[in-house]
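What follows is a single structure, written as structure tokens, with notes after it.
Just so it is clear, the structure is predicted and the values come from calculations on it, not from any experiment. In what follows, every heavy atom counts, from backbone to side chain, and hydrogens, waters and symmetry copies are set aside.
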Amino acid sequence: WGWRTWSTGPTNPGTQPSMRFPLPLLVACTLCDAETCRTYRCSAGTRMQLGVENVEQTENPGATCCEVDPDTCSSHDCEAGTRKKAGVTGTLKGRDAAGTCCEVDPDKCIAHRCASGTRIKAGVDSVQKGDNPAATCCQVGLFSFAFPVGGVASRTEFDLPEELAGREVQVSTIGLATGDTVLEQPCRNDDYGGTQQSQCTTVVPGGAKVAVRPFSTGQRVSGEVRVTVVDDPLRCRAHPCAEGTVNKSFTRGSLKGHVAASTCCDIDSTTCGAHTCAEGTRKRLSVDAQKHEGNAPAVCCEMQPDTCAAYTCAEGFRKRFGVDTSQQGAGVSETCCEVDPDTCTSYTCAEGTQQKAGGSGQLKGLHPQSTCCEDTPRTCGYFTCATGYERKTGVEDTVEQGDDAAATCCQANATKCSAYVCVEGTIKKRHSDGVDQGDNATAACCDALPTCGEHTCAEGYERKAGVEDSMLQGDDVDGTCCQANATKCSAYVCVESTIKKRHSDGLDQGNNATAACCDALPTCADHTCAEGYERKAGVEDTVQQGDDAAGTCCQAEGTEIIEVTGSMAFEADGTTEQIAAAVTAVLSFKLEQSPSDIRVSVSAVAAAARRLSTPAGDAGAAHRMSEIAGDPVRGVPEIAGDPVRGVPEIAGDPVRGVPEIAGD
């Protein structure tokens with residue numbers, strides 16, 4: 001809303017008071033820069049290009065902003081022997097563009113009048129007539145050639161002069177021969193007009209002949225065949241109409257005059273040249289000869305760029321009624337557009353709120369406040385910095401940036417521990433950001449890092465030699481300070497078919513480390529097969545393999561076992577189950593058996609993988625291999641963690657790679 005003072009009487013405020021009325025104001029931001037194409041006026045015969053209204057003018061604004069207007073004489077090319085009339089550059093060329101825009105060139109042969117008994121040569125319309133126009137431009141009469149036929153009873157041929165190639169000629173025996181003749185070349189005819197003679201008209205191809213014969217075998221004809229040039233270059237039949245135009249009806253024999261295109265040709269009604277674009281649109285460039293296929297407005301025309309019809313109103317605005325043909329001008333938005341009352345642009349948000357970004361064109365609906373508006377964003381002036389931090393200078397009006405508001409609005413206070421970086425060997429004290437640095441910032445803000453001398457190794461482990469002063473580094477404190485005690489089970493690797501006892505790290509190995517530290521793995525002799533299954537032969541001492549004990553130890557009752565002898569090279573990646581499935585598919589192909597008849601034990605695959613991956617002399621390496629979860633031998637991790645099995649305890653322990661809950 002704007003306020004305007006409106007006087008109801010004389011302008012003298014001492015005699016009549018003034019009143020102030022609120023008036024609704026439409027404020028539109030428009031580029032009114034005099035250096036853009038919108039304000040440039042193209043010269044006669046040219047028009048503004050599409051889409052350049054806001055393009056900055058260059059040193060040659062005509063080239064930057066304008067293009068040839070296809071509806072004016074500036075776009076018309078006069079034909080050979082004529083030239084553009086003076087002062088017609090911006091003239092609308094209409095349907096008779098040649099007559100409107102062009103005139104004969106007095107220096108060309110087309111303007112020369114040949115003497116009696118001669119005529120203008122073919123193809124010299126645009127030739128300079130020079131000092132001897134009669135010789136340059138004219139020739140004697142029409143060509144006519146006679147070929148004698150002397151009582152022949154068979155086909156007779158004559159060569160045509162090469163100068164007739166490309167010319168239109170009439171070939172005739174009418175009144176020139178006796179007997180019934182038939183013309184076969186250069187055109188074919190028989191019995192023209194009931195005369196029993198022949199006559200035809202054609203354009204002579206290069207190397208053509210005249211060929212004539214009697215109608216009946218054995219009949220004799222005599223006389224002559226006459227070939228006459230009929231394409232008088234002064235007549236319309238000799239004038240080729242330009243692309244997009246056609247020969248006018250009944251003018252082939254007419255003298256073409258100085259402007260042949262105007263006399264002999266007319267615009268092809270099926271092309272864009274014959275179409276007049278509607279108001280607010282204009283002809284596209286170079287489409288006069290283009291066929292419009294019955295859709296002339298779309299094929300031939302485009303929006304007039306300097307009218308409201310071609311202007312796109314901003315979001316939240318709509319085109320004014322009846323302004324399509326109005327010139328845009330400098331205030332194009334006010335000229336062509338008005339606020340759309342159904343959009344958020346027409347709605348004023350309540351105090352403390354503002355219009356949503358990009359919502360100008362949104363339909364406001366029944367609840368415009370919620371549809372169109374959002375809370376005004378808070379600025380750094382409202383933000384409280386954390387202890388030890390202060391607001392940056394000059395950011396009071398800067399909008400907070402969500403979760404990063406502290407970085408946007410605040411900086412560390414140079415006198416507090418928040419701004420101090422602890423020296424090597426120390427670490428920032430907890431909750432010290434708001435503490436004053438004082439005279440000794442390190443003492444005020446930092447604590448010394450603990451060393452291995454202050455650390456207690458886990459049961460079964462002992463402090464490494466010479467590390468008492470080594471600083472504890474991160475979660476791997478035991479790795480830095482401790483090593484397994486060689487006399488304890490923590491340092492012992494169980495042999496094959498055994499597994500480390502739970503919570504045995506602190507036990508002495510004694511004289512029999514395997515008995516002290518390890519448990520024997522169960523064998524097939526300890527396993528009871530399910531109903532319908534029986535124990536495989538010779539597997540009593542075979543160690544059970546995790547969840548696949550039944551596959552290792554049992555087979556369906558009555559199963560026939562086929563022993564496959566030999567070896568097969570095989571590579572596969574994935575879980576043991578995936579590898580077993582792949583091996584099954586290969587064996588099915590090689591043994592020509594159904595996959596359902598072949599069972600590859602997952603545990604056998606795992607055992608093979610362990611054998612391949614276990615270095616010589618490392619009997620305990622198999623225990624350090626893990627499948628997806630836990631221990632490959634049992635297939636299930638233990639609840640209580642064990643670093644050998646790769647499972648940490650619930651309570652944190654740095655040796656096992658798990659920090660305590662309350663760690664720092």
- Message: I need the Glu396 CD to Arg391 CZ distance, nearest 0.5 Å.
- Response: 6.0 Å
- Using ring-ring contact (aromatic ring centres under 6.0 Å, His included) as the criterion, list what pairs up with Phe215, not counting sequence neighbours. none
- Classify the side-chain pair Lys93/Ser75 by whether it contains a donor and acceptor separated by less than 3.5 Å. yes
- Check the side chains of Ser172 and Gln199 for a donor-acceptor pair under 3.5 angstrom, ignoring hydrogens and angles. yes
- Query: Can you tell me if Thr173 and Thr181 form a side-chain donor-acceptor pair at under 3.5 Å?
  - Reply: yes
- Message: Please tell me whether Cys65 and Cys42 are bridged, where bridged means their SG atoms are separated by under 2.5 Å.
- Response: no
- Note on the structure: Contacts of Thr276 meeting side chain to side chain donor-acceptor pair (under 3.5 Å) (sequence neighbours excluded), chain-then-number -> none
- Task: Indicate whether the side chain of Thr64 and that of Thr58 have a donor and an acceptor atom separated by less than 3.5 Å.
- Result: yes
- Message: Given 3.5 Å as the limit, does a donor-acceptor pair link the side chain of Thr379 with the main chain of Thr398, or not?
- Response: no
- No-hydrogen, no-angle side-chain donor-acceptor test under 3.5 Å, Tyr347 and Gln369: yes
- Cys101 and Cys73 SG atoms under 2.5 angstrom apart: yes
- Message: Do Asp69 and Thr46 pair up side chain to side chain, a donor and an acceptor below 3.5 Å, judged on atom types alone?
- Response: no
- Item | Pairs satisfying salt bridge (charged side-chain N to carboxylate O under 4.0 Å, His left out), at least one member in residues 349-374, at least two apart | none
- Message: How about Cys409 and Cys380 - are their SG atoms less than 2.5 Å from one another?
- Response: yes
